Asks: 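Following this message is one structure expressed as structure tokens.
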Amino acid sequence: MYSQQRIRVSETIIGYKKSDGEIVDTQSAPQGCEGCEPIPLGNSPEALEILRHSTAHLMAQAIRELYPDAQFFVGPVVDEGFYYDFRTSEKIGEEDLKKIEKKMKELIKKKIPIEKYTIEKSEAVEKFRNDDLKQAVLRNIPSEEVSIYRQGDFEDLCRGPHVPNTGLLHNFKLTRVAGAYLGGDENAEMLTRVYGIAFADKESLKEHLKMLEEAKRRDHRKLGAELELFMFDEEAGAGLPFWMPKGARLRSKLEQILWCSHRQRGYEPVRGPEILKADMWRTSGHYACYGENMYLTEIDGQEYGLKPMNCIGHILIYKHSGKSYRDLPLKYFEYGVVHRHEKSGVLHGLLRVREFTQDDAHIFCTPEQIKPVVLEVVEFVDAVMKKFGFEYSMEISTKPEKAIGDDAVWETATQALKEALDENGLEYGIDEGGGAFYGPKIDVKITDAIGRKWQCGTVQVDFNLPERFDVEYVDEDNSRKRPVMIHRAILGSFERFIAILTEHYAGEFPFFLAPTQVIFVPIASEHSAYARELSERMLDGGIDSEIYDRNDSLNKRIRQAEKQKVPYVVIVGDEEVKSQSVAVRDRRKKEQYNLSADDFMLQLKKQLEEGKI
RNA sequence: GCUGAUAUAGCUCAGCUGGCUAGAGCACCUGAUUCGUAAUCAGGAGGUCGCGGGUUCGAGUCCCGCUAUCAGCUCCA
């Protein structure tokens, strides 16, 4: 991804890779390392590991010089760079990062050697006796010996690896400052965390910073405002999205596409109420397990809860009439609006909200049907993901320690999930013990434009709710049996999915989803009638268009139209009216061409068809 | 929820260490202009400076509380 550095730095060896993959630095192997692969300074994963870890230490050294009372916890390398957690009496803000960077650059110029020595753990405990954070680190180290790295006056307990001296650490950038719980424990003290990124060469750093800029440009919150898709209102409440006309058009198109694909796959639409008596939630277990996330209220002395999930509605509809084995598998689906009281700090545009709509379905089936049903759902997921060009990965989560149901059923269900994926030639990871208490599941994770992973689709096998609600069917031998319930969502939620779509396409939605698919720009006012005529034809064909015929210059209206990122901007003037044609600016092809109005309509209808799943 | 930061017109932002009627660009309204592929000109209107307290002769500016947003942490579709 990043350009290979071409400069002499590649001659500098900063460590060795052992056959087992372990990295040793030059401090640990001053004589070299026999049978090891040398690691030249560069952008290989191993070199970056060393580089970034050392940059983290360099940052700590700079922070110590600027804030002498700073105490350090840990400073690891992570996917997107490195960070260091620490505590100081002074508050550190974004504007202080420059100061720290400056100090780091001074230290780089000095080319301070980075030395390593090893002491007994007990010695280390004594050495850092006044530093409770280091004591916490030491408590987590099982070995009897610990290593310490020293650069100038700065020393830190560390396993390494590090570069030989600070002069090799030119290309870095501190990216943000934030708080982080000590040891990741919500109830523990909060430390200051500074994040940074480092590369072996300047070009790669530049590329990375450009990528971050691009991510900002694609941010669905920014695009959502620019394209007038959705909004929030401070007085209405946090995490409660409003869909504006263009956003609602986009969403409605997605809903319709998905609705058809559900019907074609044999799903029956159902709809449950938004609010149910709290006793229902007690029976389901939500009240106990999920209660703090639920919105509860009292009506006529009865406690009610706004639904955080749609399962109960579907179960009650199933139970309303007797079911036979002939009815199974029975697939109920609903665009279910749910409310969950998410913590205020986690709300994030449309990606994390308090009211959202799931493309939810519950499939009631026999244990034998689990496998084919799951296979069908996975194929459905794959078709949808392919339609939008998403990369995704899947994970099977197996039986957790606290679980209900006997092992044999768990085994059958888990095996069914695995086989379904294997037979579909799909790869998956295993999250051992990560299942829900009622059954194993497959999670579908989409990778978005910035490389973030989002859990969207999910397929869960549930033996619990059928039991709790006494759900039954009559089998061929006239005995009453318990069906299995499969909970599944393909998109996850329309809100989150549309956020990801927006960033994925950078606001340039494919034709079949675009809120406005065509913008007409009549050259002069007398051409508006022709534009209106075409616009109405389009609406008949299910295509949304707008006419930009305000009293502005032609250039300005074209500019405004282009800024909407619509697939087609159509210019019409005397020539077009005369020949019943259109002059098209095609955003996808980045071309301009003329064709007859009829041919254009045909082209658009064909493109609408591309939206079918 | 926690840590830190931010909140000025519909949007993006000025407004120095508290000092007379709070500025700009875009958007909006009116008029002129009717144009062949990314910003025509002129005029106008629009803000109890997020909300509520406090300090002060005087608060957009300082302090406290609340609300919302942002960066993370913890959690999740």
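Lettering follows sequence order; numbering is per chain, from 1. Bear in mind that the values here come from a model prediction, so they are computed numbers and not experimental data.
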Asks: Provide the Watson-Crick or G-U wobble partner of B:rC2, both distances under 3.5 Å; none if there is no partner.
Replies: B:rG72
Asks: Could you identify the nucleotide paired to B:rG19, looking across every strand shown and requiring Watson-Crick or G-U wobble geometry with both distances under 3.5 Å?
Replies: B:rC57
Asks: Run the salt bridge (charged side-chain N to carboxylate O under 4.0 Å, His left out) check on A:Arg87 and A:Glu189 step by step: do they pass?
Replies: CA-CA 10 Å; A:Arg87 173 166 64 205; A:Glu189 172 194 359; 2.8 Å; yes
Asks: Angle between ring planes, A:His341 versus A:Tyr295, binned at 30° and 60°: parallel, tilted or perpendicular?
Replies: perpendicular
Asks: A:Phe82 ring centre to A:Arg52 NZ or CZ under 6.0 Å, with the angle to the axis within 45°?
Replies: no
Asks: Taking any heavy-atom pair under 4.0 Å as a contact, classify A:Arg550: base, sugar-phosphate, or nothing.
Replies: sugar-phosphate
Asks: Which is more 5' along RNA chain B, the nucleotide nearest A:Gly239 or the one nearest A:His527? Just name the residue.
Replies: A:His527
Asks: Within this structure, what is the CZ-to-P distance between A:Arg193 and B:rU74, rounded to whole angstrom?
Replies: 7 Å
Asks: Using a 4.0 Å heavy-atom cut-off, does A:Val569 contact any base of the nucleic acid, only the sugar-phosphate backbone, or nothing at all?
Replies: nothing
Asks: Sticking with atom P, work out how far B:rU3 lies from B:rG47, rounded to a whole angstrom.
Replies: 38 Å
Asks: Whole angstroms only, please: what is the CG-C1' distance between A:Asp85 and B:rC73?
Replies: 9 Å
Asks: Show your reasoning for whether salt bridge (charged side-chain N to carboxylate O under 4.0 Å, His left out) applies to A:Asp574 and A:Lys578.
Replies: CA-CA 6 Å; A:Asp574 283 337; A:Lys578 201 173 133 198; over 6 Å; no
Asks: Choosing from B:rA38, B:rU37, B:rU34, which nucleotide comes nearest the side chain of A:Ala583?
Replies: B:rU37
Asks: Using purine N1 to pyrimidine N3 plus N6-O4 or O6-N4 for Watson-Crick, or N1-O2 and O6-N3 for G-U wobble, each under 3.5 Å, what pairs with B:rU30?
Replies: B:rA42
Asks: Could you tell me whether A:Arg588 sits above the aromatic face of A:Phe511, with NZ or CZ closer than 6.0 angstrom to the six-membered ring centre and within 45 degrees of the axis?
Replies: no
Asks: Whole Å only: how far is the OH atom of A:Tyr181 from the C1' atom of B:rG72?
Replies: 10 Å
Asks: Select base, sugar-phosphate, or nothing to describe what A:Glu495 touches, counting heavy atoms under 4.0 Å on all strands.
Replies: nothing
Asks: Using the C1' atom in both, what is the distance from B:rC20 to B:rG1, to the nearest Å?
Replies: 46 Å
Asks: Can you find a donor-acceptor pair, distance only, under 3.5 Å between A:Arg559 side chain and B:rA39 base?
Replies: yes
Asks: At under 4.0 Å between heavy atoms, what does A:Phe232 touch on the DNA or RNA strands: base, sugar-phosphate, or nothing?
Replies: nothing
Asks: Tell me whether the count of non-hydrogen atoms from other residues, nucleotides or ligands lying under 6.0 Å of NZ in A:Lys387 goes above 12.
Replies: yes
Asks: Measure all distances between protein nitrogen or oxygen atoms and nitrogen or oxygen atoms of nucleotides 40-46 of chain B, and list the pairs falling under 3.5 Å.
Replies:
unit_1: B:rU40; atom_1: OP1; unit_2: A:Ser553; atom_2: OG; d: 3.2
unit_1: B:rU40; atom_1: OP2; unit_2: A:Ser553; atom_2: OG; d: 2.6

Asks: Scan A:Arg340 against the nucleic acid and name what it touches under 4.0 Å (heavy atoms): base, sugar-phosphate only, or nothing.
Replies: base
Asks: Regarding A:Tyr548 and A:Gln564, is there a side-chain donor-to-acceptor distance under 3.5 Å anywhere?
Replies: no
Asks: If you measure from the P atom in B:rC70 to the same atom in B:rG65, how many Å do you get, rounded?
Replies: 22 Å
Asks: Figure out the CD/P separation between A:Gln560 and B:rU37, and round it to whole Å.
Replies: 17 Å
Asks: Pick the C1' atom in B:rA14 and in B:rG23, then give their distance to the nearest Å.
Replies: 7 Å
Asks: What nucleic acid atoms does A:Arg352 come within less than 4.0 Å of, heavy atoms only: base, sugar-phosphate, or nothing?
Replies: base
Asks: For A:Gly179, answer base if it contacts any base atom (sugar-phosphate contacts may also be present), sugar-phosphate if it contacts only those atoms, and nothing otherwise; contact means non-hydrogen atoms under 4.0 Å.
Replies: base
Asks: So which nucleotide does B:rC51 pair with, by the Watson-Crick or G-U wobble rule with both distances under 3.5 Å?
Replies: B:rG65
Asks: If the C1' atom of B:rG50 is compared with that of B:rA59, how far apart are they to the nearest Å?
Replies: 16 Å
Asks: So, OP1 or OP2 of B:rA77: does either fall under 4.0 Å of a side-chain N or O from A:His487?
Replies: no
Asks: Respond yes when some side-chain nitrogen or oxygen of A:Gln455 is under 4.0 Å from OP1 or OP2 of B:rA77, and no when none is.
Replies: yes
Asks: Do other residues, nucleotides or ligands put more than 12 heavy atoms under 6.0 Å from A:Lys99 NZ?
Replies: yes
Asks: Which whole number of Å gives the distance between the P atom of B:rA5 and that of B:rC63?
Replies: 11 Å
Asks: Under 4.0 Å, counting only non-hydrogen atoms across every strand here, what does A:Ala225 touch: a base, just sugar-phosphate, or nothing?
Replies: nothing
Asks: What residue among A:Arg217, A:Lys216, A:Lys222, A:Arg221 forms salt bridge (charged side-chain N to carboxylate O under 4.0 Å, His left out) with A:Asp219?
Replies: A:Arg221
Asks: Take the protein atom CG of A:Leu191 and the nucleotide atom C1' of B:rA71, then report the distance between them rounded to whole Å.
Replies: 17 Å
Asks: Would you classify A:Ala238 as touching base, sugar-phosphate or nothing, given that sugar-phosphate means primed atoms plus P, OP1 and OP2, and contacts are heavy atoms under 4.0 Å?
Replies: sugar-phosphate
Asks: Taking the six-membered ring for Trp, does A:Phe356 stack with B:rA77 (centroid gap under 5.5 Å, planes within less than 30°)?
Replies: yes
Asks: Using a cut-off of 4.0 Å on non-hydrogen atoms, how would the nucleic acid contact of A:Arg496 be classed: base, sugar-phosphate, or nothing?
Replies: base
Asks: Rounded to whole angstrom, note down the C1' distance from B:rG36 over to B:rG44.
Replies: 32 Å
Asks: Could you tell me which non-hydrogen atom of A:Leu133 sits nearest to which non-hydrogen atom of A:Phe72, and how far apart they are?
Replies: CB-O, 3.6 Å
Asks: Please confirm whether the shortest side-chain N or O distance from A:Arg221 to OP1 or OP2 of B:rA71 is below 4.0 Å.
Replies: yes
Asks: What's the gap between B:rC13 and B:rG54 when it is taken at their C1' atoms, as a whole Å value?
Replies: 30 Å
Asks: Using whole Å, report how far CG of A:Asn293 lies from C1' of B:rC76.
Replies: 9 Å
Asks: In this structure, how many angstroms lie between the C1' atom of B:rC2 and the CG atom of A:Leu347, rounded?
Replies: 14 Å
Asks: Please work out if A:Glu576 contacts a base, only the sugar-phosphate, or nothing of the nucleic acid, heavy-atom cut-off 4.0 Å.
Replies: base
Asks: For A:Met190 and B:rG1, give me the distance from atom CE to atom P, rounded to whole Å.
Replies: 13 Å
Asks: Please determine, for B:rC35, whether a Watson-Crick or G-U wobble partner exists with both distances under 3.5 Å, and give it or none.
Replies: none
Asks: Hey, which of A:Arg340, A:Arg352, A:Arg251 is the one that makes salt bridge (charged side-chain N to carboxylate O under 4.0 Å, His left out) with A:Glu495?
Replies: A:Arg251
Asks: Side-chain N or O of A:Ser344 versus OP1/OP2 of B:rG1: is the shortest distance under 4.0 Å?
Replies: yes
Asks: What does A:Asn187 touch in the nucleic acid at a heavy-atom separation under 4.0 angstrom: a base, only the sugar-phosphate, or nothing?
Replies: nothing
Asks: Touch check for A:Gln592, heavy atoms < 4.0 angstrom, all strands: base, sugar-phosphate only, or nothing?
Replies: base
Asks: Among B:rG36, B:rC75, B:rA71, which nucleotide sits nearest the side chain of A:Ile523?
Replies: B:rG36
Asks: Taking for each residue the nucleotide of RNA chain B bearing the nearest heavy atom, is the 5' side occupied by A:Arg587 or by A:Gly345?
Replies: A:Gly345
